[in-house]
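Here is the structure we will look at, set down as structure tokens.
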Amino acid sequence: MRLRKLALLVLIGYAMAAQAGTMASLTRLVHDGYGHKARLLIRPLLIREPADAQLIKLYAQALLTDQRFRKAFPYIKKLVHENPRDASDWLIYAVGLFAKSSRGGVFTLLGTVGHIHRVLEKAVRVAPKDMAARVALMQFDFEAPGILGGSDRQGQAERRVIDAHDPVQGQLAWASVLWSRGHRNQAIANIQQAIAKQPSSTSARLALAQDELALALRDRKKKRLQKDARAAFQKAWRFYRARAVRGEPRRLDAFYRMGMIASMAGIHRQAGLQALQYYLTRVPPDPDPSPAWAHYRLGLLWGDLDHIHRARAQFRIALSGTHQRKLQKRRKLIRSIKRALARLAGKSLARSRG
């Protein structure tokens, strides 16, 4: 009898450990942006355990990542109804509201903005020490007009609280507000101050790299600014290469950025080729660029290296991938591929005449 009871306890222990392992792996999937894969795995577990709050939360987050906003909303409402003291649940509610109303167009979004503000205020009220909730509310107050519930005065009050608790996070949050208002130089100065205070801040360095890349893309076609654009491309390249080598979380995106910079700036082409080829051996997280975009960038690099047939093959693969369900900027990609194929045809004709 004792042996049977002991065996039962061991089996229960194994089951609990397996469940914990499953939850940890599902949480990791959602955190890394694999919303589609995560929701397919979570769904049968949720059918079996419909009242499990952790599963409900993970499933709602997976649906949001997978851009299934309307399907996510009932689960989000259930979260805040059953656990109204969790600020992170209210933040998910605000994200769901914004995403769902954005799909409905500008007027639908305008009609929901006041509700979003109240939800963010609720998140701060239930957890005053939650800095993520305060950052979200601060950014809303600064970026939304007064008639929609925003308030510079309230935003400044939130900023002071964030600065007192975590000065680095406060400077990064304020930098994003400055960027949205068109004050780039001030935003950069704030980020550099944050890096000086906390050199290990990956989010600050990532913000700088993204700014350098945006600046380079803006200036590369202006003759008088091409030198500045090349310098900005180089800075962004060094950051993304280091990020790929160090193997930080979500590093796969860094390989795509390396290939993108190589194809647009004409620098480090061989390394860019290798980075894109590696990117295409993995399944990218949902928010990352699709394989179709990677094939397009790879085609550009092969074309620059005068491998016409390889370039054309990559463009055709990219074109066949434009039917993907949630491909971002589908029309832009198709136009870009057609222009690239036309350039290849011209290059091939010139070579045959030569």
Heavy-atom pair with the smallest gap, counting every atom of Leu97 and Ile116
CB-CG1, 3.8 Å
For Ala38 versus Leu26, what's the shortest heavy-atom pair and its separation?
O-CD2, 4.4 Å
Can you find a pair of side-chain heavy atoms, one from Glu212 and one from Arg238, that are under 4.5 Å apart?
no
Asp32/Arg282 salt bridge by N-O under 4.0 Å criterion
no
Do Ile188 and Leu213 belong to the same hydrophobic cluster, where Ile, Leu, Val, Met, Phe, Trp and Tyr are linked whenever their side-chain heavy atoms lie under 4.5 Å apart, directly or via other members?
no
State whether the number of non-hydrogen atoms from other residues, nucleotides or ligands found under 6.0 Å of Lys332 atom NZ is greater than 12.
no
Give the C-alpha distance, both sets of side-chain angles, the deciding distance and a yes or no for ring pair (Phe, Tyr, Trp, His ring centres under 6.0 Å) between Phe73 and Tyr93.
CA-CA 8 Å; Phe73 211 68; Tyr93 189 12; 5.6 Å; yes
Do Arg243 side-chain atoms and Leu206 backbone N/O form a donor-acceptor pair below 3.5 Å?
no
Are Lys71 and Asp66 close enough, and set up right, to give a salt bridge (charged side-chain N to carboxylate O under 4.0 Å, His left out), and what steps lead you there?
CA-CA 10 Å; Lys71 287 190 175 182; Asp66 197 30; over 6 Å; no
Donor-acceptor check, side chain of Asp166 to backbone of Ile162, threshold 3.5 angstrom: yes or no?
no
Check the side chains of Thr112 and Lys100 for a donor-acceptor pair under 3.5 angstrom, ignoring hydrogens and angles.
no
Heavy-atom side-chain proximity of Gln314 to Leu301 below 4.5 angstrom:
no
What's the shortest heavy-atom distance between Gly272 and Ala262, and which atoms?
CA-CB, 3.8 Å
Tell me the closest heavy-atom pair linking Leu79 and Ala53, and the distance in Å.
CD2-O, 3.9 Å
Return yes if a side-chain donor-acceptor contact under 3.5 Å exists between Trp179 and Asp211, otherwise no.
yes
Could you please spell out the steps behind the side-chain hydrogen bond (donor to acceptor under 3.5 Å, both in side chains) verdict for Gln274 and His268?
CA-CA 10 Å; Gln274 292 170 9; His268 310 294; over 6 Å; no
Any link between Tyr279 and Phe239 through a network of hydrophobic side chains (Ile, Leu, Val, Met, Phe, Trp, Tyr) touching at under 4.5 Å?
yes
So, do Leu298 and Arg310 sit near enough that their side-chain heavy atoms are less than 4.5 Å apart?
no
Of the non-hydrogen atoms in Met131 and Pro128, which two are nearest, and what is the gap between them?
CE-O, 4.0 Å
